[in-house]
Each structure stands twice: as structure tokens, then as C-alpha cells.
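Everything below concerns the one structure shown next.
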Amino acid sequence: MVMLPIAVLFAGVVAQLALGGALSRAAKGWLAFATCLAAFGGALFLVPAVFGAPAGVERTFRVAGTPVAAAYRLDGLGLLFLLMATGIGSAILLYSVRYMEREPRGTTRFYALMLAFVGGLSNLACAADLLMLYASWEVVGLCSYFLVGFWYTDEAASRGARKVLLMTHLPGYALLAGILALHARTGSFLWTDPAVPAAFGTGVFLLMLSAAMAKSVIFPLHTWIPEAMQAPTPVSALLHSACYVKAGVYLIARLYSLGPWHPSWNTLVVTLGCITMVAGALAALVQTDLKRLLAYSTISQLGHIVTALGLGTGIGVAAGLFYCASHGFFKATLFLCAGAVQHATGTRDLRQLGGLAARMPWTTMAWLVASSAIVGVPLTNGFVAKWMLFGAALDGAWIPVVVVAWLVSVFTAFYMVRATVAVFYAPEPAAGMSRAVHEAPLSMRVGTWSLALGCLVFGVAPQPLLSLVGRTALVPLGFAEPVRVSWFGVQLPVGQVQVTAGALVVAAVALAAVTLYALRRRPEPARVLVFTGGDPIAAGDATVNASDFSAIAEAAFAPVSAALDPDPLYRAGVRGVERAALAVQRTAAVFAEQPLEATLIAAAVLFGVLWLV
Amino acid sequence: MSDGARFPLVVTFLVVAAAAALCARGLQRSRDQEEGGRRECGYAATPYRWWILAAAVAAAAVGATLAPAAWQRTVLLDAAALASFGMVWSDTATRDRWAARLFLQLLVLSIVAVAAGEYALSAGAAVRRGWLVVGLFALGYGLKLALVPFYVWLPAVAAAASPLTTVFIVSVVDIAALGELARLRSDASWVFADFRAAWLAMAGLSMLGGSLLALAQRDVKRMLAFSTIDDMGYLLVGIVAGPGAGLAGVVAGGIAHSLSKMLLFGGVALAEAGLRQPVSLDDTRGLAARFPISSAAFVAGALVAIGMPPTLGFAGRSQLYLAGFALGGPWLLGAMMTATALAVLYYARAIHRVWLGVPDPRPGVEPRAAGVSLVVLIAAVVALGAIPGLLLAFV
């Protein structure tokens, strides 16, 4: 049964390729959605088995009479990622049905690749064989390459796909080298092999970490993700929320299964996570493209997740995994909302948008829920995730982490408020917006809202997800259950937080406030004094909005953001390689000019060397 | 090399020959329909000679792989190589005949060197003149496989001959010669064990030199020729490593190389025939919209060549990495991965400059038979890559 979701997904890929020519675009979309939903159902079916065996359910499949074999182990960590990939993937595929309906060609390719993408991550999460894990890792990478380059006749999409390939595939060789080094020491490709912990040293750790950094957009290997925004929005949503960047998170978490970590490894991972948080948030502050802003926010959020994983305590890893799942919900919602906006208006430039709250109320509400979650507003899963991260950092006396995470949370609030105002509440652009701008179609709204509801449900009642993380995912990673999950919520070692009870109180207060507001007469707008951080407000400007703040932030942080961009170094590296290639060609020119003579001289040198040796 | 490995090699030769023949036939037909058979490429202008020689190359390579006696294998391999020279001669224009002549001269040198090496080996020169035997084999097989520094004929031939002729050389003749070198590894292991450093130096130079030189090319056919030199470096590492992962990697990697080069050169052949000009990084853009199957074939061939999962290339490359790590530790593995990284750079550049991007609005024609053969090959390299045990079972 372990292979059921994976088998369903790959059967879906084959079905898309076989039936693609005969089905309409919408039918292909529905088929893909049904496939992914069936895989999600299969993953849910595995939950009791994993809860019954926290160390994991192991299966090896063999084809009789051949050396064909595949070793799987599904534990709580794998199950979490399997549920995330198939669950969030299903919502995104439901959204895609109408989104891709206008696409004149390539929908068979699109849906087959989307299913392979989800299937790749599912296989990665279940693989016990490290070589199969690497193959799944690259399948995920290859799918993202083809999906980012979906509109391959567009230069920007083509360039973006190339950058994704180079920046994520090349570091992938580090993972392969780490696997081969482990194999050389243990004679086995299974990470479940008892000899693995003794063979798991700093070299192997660093090799595998560098591959994970590229996948999970950790500084300085993060610069590919904004270029990947040239993809269709469902691809961006899947890439950011459930599949691509989460593969690296999975690998970092899985490294705890391979053996105990040296304390310096924790320091390294936490440091990289903190730098990534800051770099992503600073870059997000200066974006004017909605999807690029969300892309940079992914970098920042992945910094939070990796920092939590690096803390090296049970509560820290639990925080990282809960944050990872939460990020899947809110980031996918945000991307789907951004896609709906682009679908309706034809642009994602913040300077050309505005006033959509009235025209797209459902999308606006979903955006508000998800942006509240990413900022960490109570009642959302983002709040619980941040609470756990801060709790774990305080528990481990990682005070600099608390300070950095707090600062980045402020930045996050800054750019999210700015985007929210610019897209939904700012006045409509001067040029006016087409009358045709309207709310997203029903299936797109259902897809978006199914994820937005996840933000609220796991904000008010995080117990089911935390049970999965606390009772099953941490055990195979070598941690005792660090959190007590009660009916009222989560109880951390530091600071008791009764999430559900607190959420109910907050919800009751909010409800009371809304009721009072509704019962009173709507107040007239009034001139108020606003603290602007010392910046003067232009004479006659009686109101201050988030755009004013963001202008200050842009001016202040743009140079810092530019300084943190490592792309010039990569470009210089590639230019250096090209120069070396030309130098080798100049040296080799003698062979082309005098081929016979050069060959005979080379042969004489060869015989001479062999004679001397 | 085990007897079991002969079967997949023979099947590969036949599949490649059939695919190349279908591509050639499709191109010839479409050209005949368009222009009444006016000469554009060698195989269109001199069809019978080209077909006969192509069949001879395939038959001799298959025979060499199956023949029980060493002298029979040697004779058949030399026959395959000479027939491939005939193909080059038949489809190069007069101004490019120098490439064919160079090919013949170095081919004769390689035949003489290998024959002398085998004679010396059988005469018992191993004890007192081991360096001479190894030198003769290194020169002979270095020339046959186009290893650095004996590679010079291959880029010249690839640029001058039609892509489908080059396929027969790099996918059939070269791999059959590689099979013979693998037998030598089993029959006279001291040739490699006692002179390991020299063989590994040739392998390293071929991998890194080939990939750097490929990166410096503008003509796609020359780039593919240098990528073949790069591939041969990996395969030589597998041969030096010997039984186990080494020879398993040679068989799987050799088959992957054979099929990938068919896809790469096949894609270029179809595009060149449609464009009526060589495919170059300088002035060819956006071909994927005009030649979608050729484009898919090129991309799939590139993925196999760099050993990307889930293609067949990974089955071979992973075994070769294992063998390389066991043989030369992290340094050799690092060199192999560096060469692969360089290969990723030049293949990605070719794909994005030539095939993707803003399309040329003129329509492109891809002959049906050629398209079908390439699609079947793409499916084969993915299916065999997804279940590599099916191939490795024969090794």
C-alpha cells in the first residue's frame, strides 16, 4: 500500500499522455485533479499504519526473476510531505482546470508534468534507497525545468528555465557525491541501513546540505526562484508551496535520520537560515511585480523553516515541519490569488493594479487570510508556526535568532500590507480598469479557498497536524515527542500556549467588535496624525497608507538587497569557464592545423611516458 | 565483458541503425517530393551506396560483437570502420574530402596499432615489453574511440559528413570497438592494472578536454563530436575499473551513449534538412516551434548524455561514478562530475540558443517515419531509465 499514491500519480501521467489527444483541455484538467485527489486519498489511507509504526512502514518491491527492486520506507516525515504534495497539489490542479482552459496548446504536457512533479516529491518522501531518492530529486527538478519553460517560445520563460536547471541541477551532484561516499563506507544505498550513522560525517553532511540549499532557495543559492516566475501560476504555486522548495526541506530534516548532528552543523544551518530570512525579506520589500514579491517572500519563509530545523531540538524540528506545512497552505493561497488577479487583469505589476477588493471579493478574502497567516496574525496557522519557532529559539537560548526572526516578521508585515493595499484597496489606476475584470471562476475559487481554509483550521486547531509531526515525524529523526497536544491546543516547554482556547477568545472578541461596528453608524473619515518614522509627509497629504512606508523602505533597503545578490559572482564564474574553454581551443588548434603530425608526436610522447613509467 | 552483455549491445546497434535508416529514408522522400531528388546531402544523392555501406557497418558491428574468436572480431571491427569511412567519403563534398582522407589515414594507423598490439600480446611481449603493448593498444583504441590526444579526426568528420553518417560512427562503430576494449580488460587485465595512471590520464583528458572544447564550439555538430570524446573518457574509466560497477557502467553507459547520440544527431539532421543550412549557435533560433519532434529528440538526447534521471543515461553514469569513486576516490569522482557539469553548460546553451526562444515563422517539415523513430527512441530511453534493472540484468 505504500506505493499506492505514487502508482496512482504515475498512472495519471501515462493516462494524460495516452488520452491527451482525445480529451478537451478541461477534461484533461479534471482527470489530473481526480488523479491527484485519489493519490491524496491513498496517502490518507496510510495515516493509521504510520501512527501504528512510528519508525516507519518498510516495503521492498521486486519483480520476480529480475534484479528490478525498489525499497520504500514511509514514516511520519515522509507521510507529512506525501500528504502535503498530494493535498495541496489537488487544490492547485482544481484551480488549473479553468486557468489553463484558455491555453491553446501544451495542456497534455502541462498536466502530465504537474502529476509527475507531485509524483516525484511523493517518491522522494517514501524512498529508502538513496539512489532512488536522488533520481526522484532530479525528476522533481526536471519537471520544474519543463514547467517553468512551459511557454518556451518566450525568451524570458526560456531564460528562467535555464537558470532553474543550472542553479539546482549542478548542486544536485553534491547530493549524488554524498550518496556515493556513504555507499563507499557502508556498501549500501539504504539510508535505513544500521551502518549509516557511523559513516555520516561532516563531508557527507556538507555535500547533502549544499544540494538542499539550492533546492530550498537558501542564501546564496536562492537567485533562481524569481526567474521561475515566468511559469504559469499553478506551476509557481506548486513550486513554492508543496513540491520543489520543500524537497530541500525534506532532505535537511531527513539528515537527522542518517545520524546525530555535530553542534557546529546546527550553527551553520541556523546561520544560513537567518541570512536567508533577511535577504529574502529585503528583496521582497523592493519588488513591484506581485509574483516576484511572493517569490522573494518564499526565500524569507524558507529561511524561517531551515532555521527552525537547524535548532537541533525536538521542538525546533517540530516547529520547522509545522512551519513547512503551514507555508504550503498560505503560500499556495497567495500564488493562486495572484494568478486570479493576473488572469482577470492581465498584469501583476503593483503600480498598475488597485481597487480589486470590490471586483474580486472572494479572492480578496482568501488573500487576506493567507497574508495574515504569513505575517503571523493569531487565528492562522502562521501564528502557531511563528510561536513555535520563537519558543524553540528561546528554549535553546538562540537569542540572535529571535531578534532576526522578529525583525524579519516586521519586514514581512511591511511588504504584505503594501501588496495588499496596492492590489486590493488602492484607488483604481488612472488609466482605468477594464469592465471585464471580474471574480475568478468557481473552480478556481474553490481551489484557492480549500487552501485558505487550511490556514484558518490549522490556526484555530493545529492539533491534527501537530500530532502527525509530534507523534510520528520526530521519532524517526531521533527526537522524543517534544510537544504535548491537548484538546485546547499546543503546550510548549517554554510558555504554555493554549492555541485553541486562545483562538476562541480572539475569535469571540473579533466577532463582538464586528457586531458593535455593524450596529453603530459608520463614522465619517477624519484627519488623524500618523507616526511616519520621521519622514515628512507632503503638504496637503492628510492620509498615510502602506505605500508611503514602502517608499521609505525601498529607498533604504534597495542598496542592501543589491549587495546581497550573488548573481554577479555566478556570471563571472560562467564567463571564466567560457574563457578557459576558448584557451583550451586555442591550444588544441595545433591538432586541427597539422592533424597527422600532431597525432604522431602525441603517440611518440605516449610511448615515451609509458617507457619511462 | 560477459556474454550476456552482447545481447543488449547487438539490439542497440540494430535499433540505432534502423532509426538512422528511417530518418534518412524520410528525409530522402521529402526531398524527392520537394525537388525531384536534387542533391542536398550525400545519402540523398547516392542512396544505394550509402544504404549498402550503412548496412555493412551495422552487420559488421553486430558480427564483431557476436564473433567467438579474437581475429574474427578484429577483422569485422576493421571492416565496420572502413565501411564507415566509405559512408563519410560518399557524402562529403569535394572541398570536405580532406576530412575523409584524414579519417582514413588515422583509421589505418589505428588498425595497424591494434593488430601489432595483439600480435605482441600473443607473442608474449607482456613480460619484457609491457609498455610497448600498452602503448600500441592506447594508440590504436585512442584513435578508434577518439580519445584525447588522438581525437582530431572526429570533429572534422562530424562537421563534413551528414549527421546520420556520424551516428553510424559514434553510436555503432565506436561502441563496438569499446566492447572489444572491454574484452581486452577481461582477457589481459594487466594492460590496465599495471598502467592505470596512463589510462586514467587519457580518460581525464578526454572528459575534461572534450567538454571544454565542446563548450568552445559554435557549430552544433562539432559540439556533439567533442561531447562524444567527453563520453568516451567516462567509458574508459569504467574499463580501467574493470568487473563490477566498471564494466556494468561501460555496457549501460555505452548503450546510453549510442542512443543519445542517435537522438542528438537525428534531431540535428532533421532540422538541417529543413533549414538547408548547418545548425549553429550563432544564427539558428527558436527551432522547437518549427521542428517539435527534433527538438524533443535533442533535449532527450542531451538529458541522456548528462546522465539525468529518469533516463537511461543515469543507469550508466551512476555505475561509472561508483566505479570512478572506488578507483580514484574523491578526486576522480570530482573530475567526472566537473566534466558532467561542463556538459550541462554546453547542452543547456545549445538547447536554449538553438531550439527554444522566439520561433522563426516559417513552417518546418519533419518526415513522419523519422519522427516516429525518434519518438520511439525517446520513449525507450525513458522506460529503460525508469527500470534500469532490466538492462543491468544482462551485464
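Because only heavy atoms are used, hydrogens play no part in the values below, and waters and symmetry mates are left out as well, while side chains stay in. Computed from a predicted structure; not experimentally measured. Chain A is the first sequence line, chain B the second, and so forth, proteins listed ahead of strands; every chain is numbered from 1.
- Using a 4.5 Å cut-off between heavy atoms, B:Tyr346 makes no contact with chain A at all.
- Within the 4.5 angstrom heavy-atom criterion, no atom of B:Arg285 approaches chain A.
- For chain B, the option among A:Leu596, A:Leu165, A:Val605, A:Val574 with the highest count of heavy-atom pairs below 4.5 Å is A:Leu596.
- Within the 4.5 Å cutoff, no side-chain heavy atoms of B:Pro149 are placed close to those of A:Leu606.
- If you tally non-hydrogen atom pairs under 4.5 Å between each of B:Leu333, B:Leu215, B:Leu322 and chain A, the highest count goes to B:Leu322.
- Rounded to the nearest 0.5 Å, atoms CE (B:Met337) and CG (A:Leu180) are 5.5 Å apart.
- Across A:Gly149, A:Ala598, A:Ala157, A:Pro595, the residue that shares the most heavy-atom pairs under 4.5 angstrom with chain B is A:Pro595.
- Looking at every heavy atom in both residues, B:Phe325 comes nearest to A:Ala181 through CE2-CA, 3.7 Å.
- The CD atom of A:Glu578 lies 11.0 Å from the CG atom of B:Leu342; values are rounded to the nearest 0.5 Å.
- Interface check for chain A: of the options B:Leu136, B:Val152, B:Val148, the most heavy-atom pairs under 4.5 Å are formed by B:Val152.
- Once rounded to the nearest 0.5 Å, the distance linking CZ of B:Phe150 with CZ of A:Phe591 reads 8.5 Å.
- What you find for B:Gly357 and A:Glu155 is that their closest heavy atoms are CA-OE2, 3.7 Å.
- Atom CD in B:Gln319 sits 8.0 Å away from atom CG in A:Leu131 (nearest 0.5 Å).
- Using a 4.5 Å cut-off between heavy atoms, B:Ala326 does not touch chain A at all.
- Per-residue counts of heavy-atom pairs under 4.5 Å with chain B were compared for A:Ala177, A:Gly172, A:Ala580; the largest is that of A:Ala177.
- The contact between B:Leu102 and chain A is made entirely by side chain atoms (from C-beta outward), counting heavy-atom distances below 4.5 Å.
- Heavy atoms of B:Ala289 lying under 4.5 Å from chain A belong to its backbone as well as its side chain.
- For B:His352 (side chain) and A:Arg159 (main-chain N/O), no donor-acceptor pair under 3.5 Å exists by modelled atom type.
- Contact of A:Val609 with chain B is not made at all, since no heavy-atom distance falls under 4.5 Å.
- Taken to the nearest 0.5 Å, the CG atom of B:Leu132 stands 9.5 Å off from the CG atom of A:Leu610.
- Looking at B:Phe195, the atoms closer than 4.5 Å to chain A (heavy atoms on both sides) all sit in the side chain, from C-beta outward.
- Heavy-atom pairs under 4.5 Å with chain B were tallied for A:Ser136, A:Gly120, A:Ala135, A:Gly141; the largest tally goes to A:Ala135.
- At least one side-chain heavy atom of A:Tyr173 sits less than 4.5 Å from a side-chain heavy atom of B:Val344.
- A:His169 is listed as a side-chain neighbour of B:Ile306, based on a closest heavy-atom distance under 4.5 Å.
- The aromatic rings of B:Phe314 and A:Tyr134 sit tilted relative to each other, their planes meeting at an angle between 30° and 60°.
- The candidate from A:Thr587, A:Leu176, A:Leu600 with the greatest count of non-hydrogen atom pairs under 4.5 Å with chain B is A:Leu176.
- Taking CG of A:Asp154 as the reference point, atom CG of B:Leu356 lies at 11.0 Å (rounded to 0.5 Å).
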